[in-house]
Amino acid sequence: MAERWGHQRLKAEGPRNNARFTIQEASVVEQELAGTQGLKRFFVIDQSERYDARLRAELEIRDSSDGARRVVRADVRRSLTVAEDASLTEREAIWFQLTEDLMRRFDREMEQVVRENLTPWLLN
């Protein structure tokens, strides 16, 4: 999704400058969560896993007129837990939600840093 974001949101215009969009990390790590112990475990539905997602990327512009290099970065994280009795369909929905939330946060953060720091290179 991060690669698709770069293709959809970034557009080269003119021959002068160079831009590079680099995805530095795009990961989701599953962490098993400890369940309830003892007799109480038969009456409780625990959260069995936590998914920690991270997307870290940078956009670099090299201005050929002055040789200057400008870089902006976005680093976003999102976590969700899954109940031990979640069906496959529910787990897929959670993954979709996790990915959508992560990309929405990434889009907001990257757009903000681009507008704050790369205004001379924006097309609109």
Side-chain angles (χ1 to χ4, degrees):
M1 285 188 82
E3 184 178 347
R4 189 173 355 148
W5 180 93
H7 289 294
Q8 291 174 345
R9 296 296 305 261
L10 305 174
K11 178 182 176 188
E13 184 77 16
R16 270 196 22 221
N17 304 317
N18 294 312
R20 181 183 350 201
F21 178 65
T22 306
I23 301 166
Q24 298 168 317
E25 181 177 349
S27 63
V28 178
V29 177
E30 180 184 81
Q31 176 72 42
E32 259 187 62
L33 302 175
T36 304
Q37 299 299 312
L39 213 49
K40 189 176 179 181
R41 74 175 182 255
F42 296 108
F43 304 101
V44 176
I45 297 173
D46 287 322
Q47 298 296 300
S48 58
E49 293 92 23
R50 183 181 72 231
Y51 295 108
D52 298 315
R54 182 178 188 189
L55 176 55
R56 186 168 51 99
E58 73 176 24
L59 175 61
E60 173 187 5
I61 304 267
R62 287 199 181 261
D63 190 324
S64 60
S65 65
D66 64 6
R69 176 179 177 259
R70 280 108 175 149
V71 178
V72 293
R73 294 176 180 87
D75 187 355
V76 294
R77 298 166 194 251
R78 183 77 173 103
S79 293
L80 286 176
T81 58
V82 179
E84 63 187 345
D85 67 344
S87 69
L88 181 58
T89 302
E90 291 168 326
R91 288 174 184 269
E92 287 175 351
I94 288 168
W95 269 91
F96 182 80
Q97 178 187 352
L98 177 67
T99 306
E100 286 289 308
D101 289 350
L102 187 73
M103 285 309 301
R104 206 174 356 264
R105 288 179 183 199
F106 177 80
D107 182 57
R108 275 196 309 265
E109 186 171 322
M110 187 58 89
E111 184 172 335
Q112 179 181 345
V113 295
V114 164
R115 291 205 182 279
E116 289 172 358
N117 300 289
L118 301 178
T119 304
W121 294 273
L122 296 179
L123 294 175
N124 51 14

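All of these numbers come straight from a predicted model, not from anything done at the bench. We number each residue from 1, following the sequence as shown.
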* To do: Please work out which of the three classes, parallel, tilted or perpendicular, describes the rings of Trp95 and Tyr51, given edges at 30° and 60°.
  => tilted

* Identify whether the distance between the nearest side-chain nitrogen and carboxylate oxygen of Asp107 and Arg104 falls below 4.0 Å. => no

* Side-chain heavy atoms under 4.5 angstrom apart, residues restricted to Ile, Leu, Val, Met, Phe, Trp, Tyr: same cluster for Leu102 and Met1? -> yes

* Asked: In terms of hydrophobic clusters joined by side-chain contacts under 4.5 Å, are Leu80 and Val28 together?
  -> yes

* **Hydrophobic cluster identity match, Phe21 and Leu55, side-chain contacts under 4.5 Å** => yes

* Decide side-chain contact (heavy atoms from CB on, under 4.5 Å) for Arg78 and Val76; before the verdict, give the C-alpha distance in whole Å, the side-chain angles of both, and the deciding distance to 0.1 Å. => CA-CA 7 Å; Arg78 183 77 173 103; Val76 294; over 6 Å; no

* To do: Can you run down the salt bridge (Lys or Arg N to Asp or Glu O under 4.0 Å) pairs that involve residues 87-98, sequence neighbours left out, and say none if there aren't any?
  => Glu49-Arg91

* To do: In sequence, state the C-alpha distance, the side-chain angles, and the governing distance for Arg70 and Leu118, and then conclude on side-chain contact (heavy atoms from CB on, under 4.5 Å).
  => CA-CA 8 Å; Arg70 280 108 175 149; Leu118 301 178; 3.6 Å; yes

* Between the main-chain N or O of Arg77 and the side-chain N or O of Arg105, is there a donor-acceptor pair closer than 3.5 Å? -> yes

* Structure fact -> Hits for side-chain contact (heavy atoms from CB on, under 4.5 Å) against Glu32, two or more places apart or cross-chain, chain-then-number order -> none

* Structure fact -> On a heavy-atom basis, the closest approach of Thr119 and Arg115 is OG1-O, 2.6 Å

* **Glu111 atom CD: more than 12 heavy-atom contacts under 6.0 Å** => yes

* Asked: For Trp5 and Met110, what are the C-alpha separation, side-chain angles and deciding distance, and is it a side-chain contact (heavy atoms from CB on, under 4.5 Å)?
  -> CA-CA 11 Å; Trp5 180 93; Met110 187 58 89; 3.3 Å; yes

* Heavy-atom side-chain proximity of Asp75 to Arg54 below 4.5 angstrom -> yes

* To do: Considering non-hydrogen atoms only, spot the tightest contact between Val72 and Asn117 and give its length.
  => CG1-CB, 3.6 Å

* Do the charged groups of Asp52 and Arg50 touch, with an N to O distance under 4.0 Å? -> yes

* So if you build clusters from Ile, Leu, Val, Met, Phe, Trp, Tyr with side-chain heavy-atom gaps below 4.5 Å, do Leu59 and Ile23 land together? -> yes

* Asked: With hydrophobic residues grouped by side-chain heavy-atom distances under 4.5 Å, do Leu10 and Ile61 end up in a single group?
  -> yes

* Pairs satisfying ring-ring contact (aromatic ring centres under 6.0 Å, His included), at least one member in residues 69-88, at least two apart -> none

